[in-house]
Each structure stands twice: as C-alpha cells, then as structure tokens.
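Okay, so here's the structure we're looking at.
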4 protein chains.
Amino acid sequence: MGIRGRPRSEASHHAVLDAAAKLLEQERCSYQDLTVERIAAEAGVGKQTIYRWWKNKAGVVLEALLTGRLKLDFEPVPNTGDLRADLMSWLDSEITRAGGEDTAVMARSLMAALVTGGEETRALLNGGIVWEGMAVAERLRAEQEAGGLREGVDPSMVAATIMDPFIIRLITVGSPDPEWMRAQLDMVLTGILPRD
Amino acid sequence: MGIRGRPRSEASHHAVLDAAAKLLEQERCSYQDLTVERIAAEAGVGKQTIYRWWKNKAGVVLEALLTGRLKLDFEPVPNTGDLRADLMSWLDSEITRAGGEDTAVMARSLMAALVTGGEETRALLNGGIVWEGMAVAERLRAEQEAGGLREGVDPSMVAATIMDPFIIRLITVGSPDPEWMRAQLDMVLTGILPRD
Amino acid sequence: MGIRGRPRSEASHHAVLDAAAKLLEQERCSYQDLTVERIAAEAGVGKQTIYRWWKNKAGVVLEALLTGRLKLDFEPVPNTGDLRADLMSWLDSEITRAGGEDTAVMARSLMAALVTGGEETRALLNGGIVWEGMAVAERLRAEQEAGGLREGVDPSMVAATIMDPFIIRLITVGSPDPEWMRAQLDMVLTGILPRD
Amino acid sequence: MGIRGRPRSEASHHAVLDAAAKLLEQERCSYQDLTVERIAAEAGVGKQTIYRWWKNKAGVVLEALLTGRLKLDFEPVPNTGDLRADLMSWLDSEITRAGGEDTAVMARSLMAALVTGGEETRALLNGGIVWEGMAVAERLRAEQEAGGLREGVDPSMVAATIMDPFIIRLITVGSPDPEWMRAQLDMVLTGILPRD
DNA sequence: ATATAAGCGAGACGGTACGTCTCGTCTTGTG
DNA sequence: CACAAGACGAGACGTACCGTCTCGCTTATAT
C-alpha cells in the first residue's frame, strides 16, 4: 500500500524558497522585514504550506541559503601563484563590493536567522559555517596542493580565521577597514610568534 | 538661565539597564523573550521612559553591555610566561564553561541586538567589538611588553583573530570543538606559511 | 467557485458583543473603564479579531445596543386607558429606578460611544435614536389606535419630545426632577399655546 | 496676616480658557483631539498650572463654556409678534447653519466633557443645561409677558422641550431634519391631545 | 533687606490604553 | 490529503495621553 493523499507540491516548495531569496536579495529587505506572510504572498502559496514543511521563517531562509538560492556572494579568489598577493587583492575588491551595504544586509539576515531560529534551525548548518567553505578556502586548497602551506594546516580553518573577523565586522560596523583586514591577513599568514 | 524642566532620572536610567541585564543574565531569558514591557516592569519604570531615551530594546541591551552590566563573562587568561600554554588552558576551560549554554545564549542575545537594532544602534559600538578587547587581548598585551610577540603585531587584532571564530561557533553550533580551537590557536600563533 | 478562506466566526462575533454588554451592565463599568483589551479577554478573543470587524470600541458598544444586548432598560408603560395617568405613573417609577445611577451610567456610556466614535459609528444608528422607539412610543401607538391622540400626531415624535429632555437630565444631572418631568409631560400633552 | 506666596496668575487663567476655546472653535478640533498638553502649549502655560486649578480637561472646557468663551452660538429668535412663525423661521435658519457641522462638533464636545468628566464636572452645570437658557427661552419669555402663552407655562421648560430633541439630533445624526423639527415645534405649541 | 512661601514654565516620570503587526494554528472550500 | 485563502488567539510593538513630580525661576508677603 502506498502513501495516501496528495503528494507534496514541489512547485510550491521551490516557489517559497525562491520568494524568500528574491525578497531578501532583490527587494533588499532585511530579515525582520521579511515576514512569513510576505513570502507566502510572493510565492503564491498558503501560509500553512510554509509551516507544514518548515519550522519557521529561519528554516526557510536557511534552506534558501543552503540550496544556493541565497549567497553571501563572494567572488572567487584569483590564483596567480602568489597566495599573499591574491588574497590581498581579493580582500580589497570584496571590501569595496561589501561596502555597498548589500552584503552586510545579507550577512545580518543570515545571522538573524541563526540567532532567532531555534536549536533545530542551527542544526541545519550541520557544523559547517557557510561563508567559511567558500572562495578563500578554495584558493587555500589549491595552494596546499601546490605545497605552499605549512605542513598540517587545514585550509578551511584558515578560511575561518580570515573570514570570521571579516563577517563580524561586516555585521557590526558595516564595512570592514581595508587596512585592518590586510594587516590581519598578513598576520595570519606569517604567524604571531617571532621567528626564532 | 539654566536648563528647564525635570532632569532625567538617573535612578530610572540605571534601573532600566540593570533590569535588562538581570533578565538576560539571571532569568536566562533570550533576547527574544526579553520584552520592553518586562524590562519596564522589572525596573519599575514606565514604558515611555525607555522609549524616551533609547531607540529600542537593542539600544538598551547594548548600553547594558557597554556599561559593563552584561558581560560575555570570560575569565582572565593566566600568565605563566608561556603564552601558548596559557591560551590553550584558558581556551579549554572557557569551552567547558561555555558548553553550559549560558555563554552561547548571551552571545546570541548580543548578536540579536546588533542585528535587529538599526544602524544607529550598531553605531554605539563605535567600531569596537566587545569581546575582542577582553581577556585574550589583555594577556597578549602583557606578552607584547615582555617582548614575546613578533614585531608590529597588534594584540587586539590577534584577539579578534582568535575570538571571532570562537564566538561564531558559540553562536551557531553552541559549543566550539576544543580540538578545532586548539589547532586554530596553534595555527594563528605559528603562522600559515611555511618557514623559509 | 465559492468564497475562500476561513469564514468569520459567529461564536467570536457574539462573544465580543456579549462581553461588552456584560462588562457595561453587570460589572457596572463605565464606557471609559471598558477597554478593548478587557472585552477581548472577557470574550476569549484576540484583540485583532475585534479590530478586524469593528472600527473601535464605540462600534462594538453600539452594535451591542442595536442588537438588544444592551438596553436603557425602561419598563413598558402601563395602559389603563388613561394616557396621562399612565405616563405620569411610569415617569415616576422610572425616575425612581433611574435614580439608582445605573441607568444614568448606561445612558452616559451610550452617549460617550456616540460622541467619541467617528461619523461612521454614528451612521450605525441610521437616524433612529434608540431610546425614542421604546416604551413611551409603544404606549402612544396604542393610544393613537384608540383614537386618543390629536389628528396627525406622530407617536415616535412625541416619544422623542418626552424622552430627550429626560435623557439629557439623566446624563447631565443624574436624576431628573420628578416635578419637572411631570410638568413637562403635562405641557407636552396639553400644548403650549392657550386654547382659543 | 495675609496670604504668603505668589498669587494665582490671572493671565494664565485666562490664557488657558482662551486657548481651549480657540482650539475647539477655530481649529475645529474635537474634544478628543483637544489634549491638556495642547491647551497648555497653546496657552504658553505649564501643564501643572492647568491641573492646579482645574480637575481635568472637562473642567477647563466647561468653564470656557460657562464664561462665554465657547458658545453653541445660536442666533436670537426674531420677534415679529407671531411666535409660531418666529420659531419656525429661526429653526430653519439654525438648521442651515448647524448643517455646517461646526455646531454639531461643538455640541458633541460639550457632551463629551459632561460624559467623560466626573460627577463634580457635571456639578459645574448647577442643574442648568446650557443650551436651554438661550435664544428660544428668551423669545418665549417675551411671548409670556405679552400674554401669548397658556397659563402657568414655564418658558425654560418649553425651551428644553424644543431644544433637547434638536441637540440630540445634532449630536447623533449631525443635522436635524427640518421637516421633523418643524412638525415637532408645531406639535409642542399645539399639544398632543385632541381639543375637546 | 532678606527670608519664606507659593505659583510659574518646562518637561520627565509611572502608568495604561490604543491600534497595528506578526506569529503559528485552525477552518473553510477546491483539486 | 495537500492546497490557497484567510480568520483566529496570542501577545509585543511603539505612540499617545493622563495626571503627578521635580527642576530653576519669579513674585509676592512677612519679618
């Protein structure tokens, strides 16, 4: 005997995620201004259909993020062979783009979803913090394969070390100070302790 | 001619901040469960008195934080002369304490205040991210004076590099993985690039 | 295709009107002390449900009145065949009852609703002033059918002529002077101009 | 020994009453929109000065009325010798003027003051209902002296009998029906019972 | 003169109701 | 049975107004 009743509408499923992404991204509305009712209206979907499949707004937004409908939208890091220079130039250009506030708004929205959604919403992350697996980690993995990293260094950990302060500043201040970020990058690459 | 009208009641001012801190800290209630009405009631103050002096709940919480009524409450880092060992043992004990969820709840509350308060609320931070100026930075300044840091390294920047990933994990996952944190600390101290 | 969405809950509709009536009548609370929140609580209804269907408190009270849940609660006028005597005795007993303040409070509440509600609230009256269609008008209609009124006299108009000064005194002074009211009744019945 | 301290400022006293009258009359604001704060501001007076001398807003408005700063502003009734015709033409012209809503707004304001002010506010009336001692009563007194009224008829009572239904209609419906008012006037003058 | 006392304008205070908003659930008829 | 629509109970939000309190200042009488 098979399951009874009408199967879940995949059209509605996608429409909801797309609507959430569109509202956050195109309408530039913050996580707070994004209401479940607005998502439902934009998606042409009943509100109950959202609550049937997601725990709450945070769940929708997070699934939109994890399925790539929302991005923090960082460019790939160039690879000229010079890791330090590549990261420096990438940082500069990202700060310029992020200075347009859009990335900051998006970062705050994601943080809001994580912070206001319950434990189970955070569990969706599965331990992986989104922005850490992206552009910088990619470049570092390439460098590692080329043997350009110290023995035993984990590229994703380095990415976290560089990106987390960046994101924190994006969220709190709005646009990170380029000087500070470059100095931090330099410090992370070189190490804090004096060479013996 | 002097100022006119009844002066701002410093008693009420403090009562509000204390009430907000008490509710968040002692009653262990999350930022969302903390309502302006409850703060007012706890402080024995009219709601309008809060809105007269603060833009919103986030403003109150942030001022409570900046005036030291709320802390992320990290212990001082011990100073045995061995920076690496001191930070490692401090990290271990903080992770254990933070594993009790209280610190995570508080960190999420602060983040919620930052993220849901408007631009002007964030401006109160004045570019200083709270948890970065604390325990770790202190220990690093001591080390710097003892000449234990590489030339030109900024202790507060190092603190950010260590603390921000910690806070991010505290917020998103709940309790940071001790292994990961120790490896990250080690990496930051030593540097990413291979010694030439 | 029929109408969409959950239909209006008649249970809530009635519960609100009943609650308003009960609070005004049984709890003897004045129109000012009657709050929308209290009505909602008493009715076991969300505040928004009230504002969804009524413009304001005045609208609720007026509908309660027009649906008979609230009355100014005048006794029927006796009919012994002697109009003048019947009205006189009725007036006397009503003044005694109204002297208990309850009727005065209710009359003030209704007036407050009319006066503080907007134009559209008053429009609910549809030109009919509530207390004018009641006890006195009934008795006068009976008299008219028995041929006891002057040709062309409108019973409801007479009722207004007698009741409006009564209500005005009820509202402003509290309890109308029996002597005054009897003299006024006598005057209205007989006419002001001398017989030729 | 005389009294000590600064005497009551008559300037402020008048300024408050004038301000209340001006706001109600010139700014056409309803009793509800008239706040104590607005009166104080308009009068250039501290709020406490109002509460020092009046019980509440209703007290201020009522004193403004009783001191003639506010009027229901009825024209005098003409006296051509023909009482019926004089009252008829006066009624017609008053209805036309009152149709401009201004009189209705004012009447509602006074009623609101009476109904929302406490018992002691109503006591200020001293049993005299304001609109009843005015134009119509004057004309009737003149007629009485000329012997044009039935023996023993009290002009002020007749005025109440004519004016109260008028005021009630002004308050509730906005503009009384001229036909109705003329018929009522006629009825009151002639009497309800058939001539024997 | 100078102290004492009350009134004054300004405006913050505790309190409370307002009317709006959003959440997450419930209840229709339709496919 | 899931769906769109949309009303529902709940309750926080931020605003408005009430009537009181607290400043520094002014204007009197009483010493």
Side-chain angles (χ1 to χ4, degrees), chain A residues 3-9 11-12 32-38 40-41 43-57, chain B residues 1-9 11-13 15 32-38 40-41 43-53 55-57, chain C residues 1-9 11-13 32-38 40-41 43-53 55-57, chain D residues 1-9 11-13 32-38 40-41 43-57:
Chain A
I3 49 161
R4 300 278 294 267
R6 182 175 179 173
R8 171 174 189 178
S9 158
S12 291
Q32 318 214 73
D33 300 340
L34 181 75
T35 67
V36 175
E37 229 141 42
R38 246 186 114 179
V45 138
K47 200 155 49 136
Q48 186 59 58
T49 297
I50 295 185
Y51 284 105
R52 203 186 333 271
W53 303 111
W54 291 276
K55 175 126 217 290
N56 49 34
K57 182 171 60 166
Chain B
M1 180 180 50
I3 51 150
R4 308 293 297 264
R6 182 177 179 170
R8 173 172 189 178
S9 158
S12 292
H13 185 169
Q32 315 218 74
D33 300 341
L34 181 75
T35 69
V36 175
E37 228 142 35
R38 240 184 119 182
V45 141
K47 197 159 43 143
Q48 187 60 57
T49 296
I50 295 185
Y51 284 106
R52 188 177 296 118
W53 301 111
K55 176 131 214 286
N56 47 36
K57 183 170 59 165
Chain C
M1 179 182 52
I3 51 151
R4 307 294 296 264
R6 181 177 181 172
R8 173 174 188 178
S9 158
S12 291
H13 185 170
Q32 315 217 72
D33 300 339
L34 180 76
T35 70
V36 175
E37 228 142 36
R38 243 185 116 182
V45 142
K47 200 161 38 146
Q48 186 60 58
T49 296
I50 295 185
Y51 283 106
R52 189 177 296 119
W53 301 110
K55 175 132 216 283
N56 49 34
K57 183 169 60 164
Chain D
M1 176 185 53
I3 46 156
R4 300 277 294 264
R6 182 175 180 172
R8 172 174 189 179
S9 157
S12 291
H13 183 174
Q32 316 214 73
D33 300 340
L34 181 77
T35 68
V36 175
E37 230 141 40
R38 248 187 112 179
V45 139
K47 201 156 47 138
Q48 186 60 59
T49 297
I50 294 185
Y51 283 106
R52 190 176 296 119
W53 303 111
W54 290 275
K55 175 125 217 286
N56 49 33
K57 182 171 61 163

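Per chain, numbering begins at 1; letters A, B, ... match sequence-line order. Just so it is clear, the model here is predicted, and its values are computed rather than measured.
Nucleotide dA2(F) holds its P atom 18 Å from the OH atom of Y51(A), rounded to whole Å. Straight-line distance from the NZ atom of K55(A) to the C1' atom of dT25(E): 14 Å, rounded to whole Å. As a whole-Å value, the separation of E37(A) CD from dT20(E) P is 15 Å. Distance CD (Q32(C)) to C1' (dA16(F)): 16 Å, rounded to an integer number of Å. To the nearest angstrom, P of dG14(F) lies 17 Å from CZ of R38(B). Between the C1' atom of dT20(F) and the CD1 atom of I50(D) lies a distance of 14 Å, rounded to the nearest Å.
Heavy atoms only, all atoms of each residue included: S12(D) and S9(D) are closest at N-OG, 3.0 Å. The two residues A15(B) and A43(B) come nearest to each other via the heavy atoms O-CB, 3.4 Å. The shortest heavy-atom contact between V36(D) and Y51(D) is CG2-OH, 3.5 Å.
With hydrogens and angles ignored, the 3.5 Å screen pairs a side-chain donor or acceptor of K57(C) with a backbone N or O of L34(C).
Shown here are the side-chain contact (heavy atoms from CB on, under 4.5 Å) partners of R8(D), two or more places apart in sequence or in another chain: E10(D), H13(D), W53(D), W54(D).
A donor-acceptor contact under 3.5 Å links the side chain of K47(B) to the base of dG14(F).
Between K57(A) and dC23(E) there is a side-chain polar atom (N or O) within less than 4.0 angstrom of OP1 or OP2.
To the nearest 0.5 Å, atom CD1 of residue I50(D) and atom NZ of residue K55(D) are 15.5 Å apart.
Mapping N56(C) and D33(A) onto DNA chain E via the closest heavy atom, the residue that lands nearer the 5' end is N56(C).
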Could you run through nucleotides 1-8 of chain E and give me one letter per nucleotide, 5' to 3': B if any protein heavy atom sits under 4.0 Å from the base, S if only the sugar-phosphate is that close, - if neither? ---BBBBB
